[in-house]
Amino acid sequence: MRAGWNRIGFRGEAICTALAAVAAAAFVAAQPAVAQCTITASQTEGPYYRTPNPETTNLRIGSDGPPLTLHGNVVDTQCNPIAYTWVAVWHADMTGAYDNTAPFDRYRSFFFTDANGEFTLYTIMPGLYPGRTRHIHFKLDAVNTPLLTTQLYFPNEPQNATDGLYNPALEMDLVTESDGSRTGTFTFVLARSGGCAVPNVTGDPAPQTVGLGGTATFSMTASGGTPMTYQWRKDGVPLVNNARISGATTNSLRITGVTCSDAGAYTGAALNSCGTDESAAAGLTVTGCVGDLNCDGIVNNFDIDPFTLAVADAAAYEIAYPECDRDNADVNGDGLVNNFDIDPFVELLAG
Ligand code: FE
């Protein structure tokens, strides 16, 4: 009996040990585990890589199609987002041809992920060409990551089975929308090693005074890990390049044909995948704007009504001329906009 109990007791102990192991495993699983993301496999760049151009996330041309919208994430092996990762993309057009002959830079570009390591690429389903299944080429680089060259594939493509480069781990998730367009998602995982050199602005832009129609240039310098990009802001609003503004995402901003409404505070941010640093603000003062209350760049009779409004009702002026500067009604330069500016304004108009 006792031996039997012993045997049962021993057996029970073994069961308890096994249950304890199960419980321990469940306990471990319930802990906030350190996330592990598997590094994205690299692939050959193939024969059609060139220095990517232009900087854009929209590769669509006319009515080529069907449209593909690809939502991408870039993370490290702990699944933490890698901000401002440089991404190059290139793929064949709808007929399966690359831009090897003019016009160049079709279905080819570069861009940076946002602060959350995310991007959205607007393009089309690449066409097939002999020997390959449907695919898109990518290169990705961030601070202290090796340059990743890879390709993404599409699910349910018959040619996947016969393409020697095809890797199911590089398949995007793909949804076909009711209008026939496709929406894809993929998470790129880069190995990040060592420390992270956060940008540090080492040279601030200088304040400037420019006459109407002149050119203003703001420059900054920054140290930190590369690749590095920049973003200039006026009064906190990000600038984009246009006919008069260039270098909005470089370390040197240039504004030509300066107008009264360009006056303001300019800051530049240096960004890389480790973080960002912003310069001190530099003021742009535009001369020749006193009396220009409709901010069209000249002082004439069309400024009479807005001048009258600026003197009579500041709030109403701000609403009526949101882009303009009420300070331009301070024609006598005493720091106030009031009735004492009326006579000097009339004199200014009279020339
Ligand atoms: Fe290719």
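In this text the structure is predicted, and so the values were computed from the model without any measurement. Just follow the structure's listing: the first ligand is 1, and inside any ligand the first atom is 1.
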- Relative to the ring of F307, is the ring of F345 parallel (under 30°), tilted (30 to 60°) or perpendicular (over 60°)?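 F345 vs F307 ring planes: parallel.
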- Task: Check the angle between the aromatic planes of F119 and F111 and answer parallel, tilted or perpendicular using the 30° and 60° thresholds.
- Result: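 Tilted, since the angle between the ring planes falls between 30° and 60°.
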Tell me whether the Fe ion (ligand 1) has [X] as a neighbour, meaning an N, O or S atom of it below 2.8 Å.
{"X": "Y98", "result": "yes"}
{"X": "Y129", "result": "yes"}
{"X": "H135", "result": "yes"}

- Task: Report yes if some heavy atom in the side chain of N53 is under 4.5 Å from a heavy atom in the side chain of F104; otherwise report no.
- Result: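 No, every pair of side-chain atoms sits at 4.5 Å or beyond.
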- Query: Is the closest side-chain heavy-atom distance between S261 and Y321 below 4.5 Å?
  - Reply: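 Side-chain contact under 4.5 Å: no.
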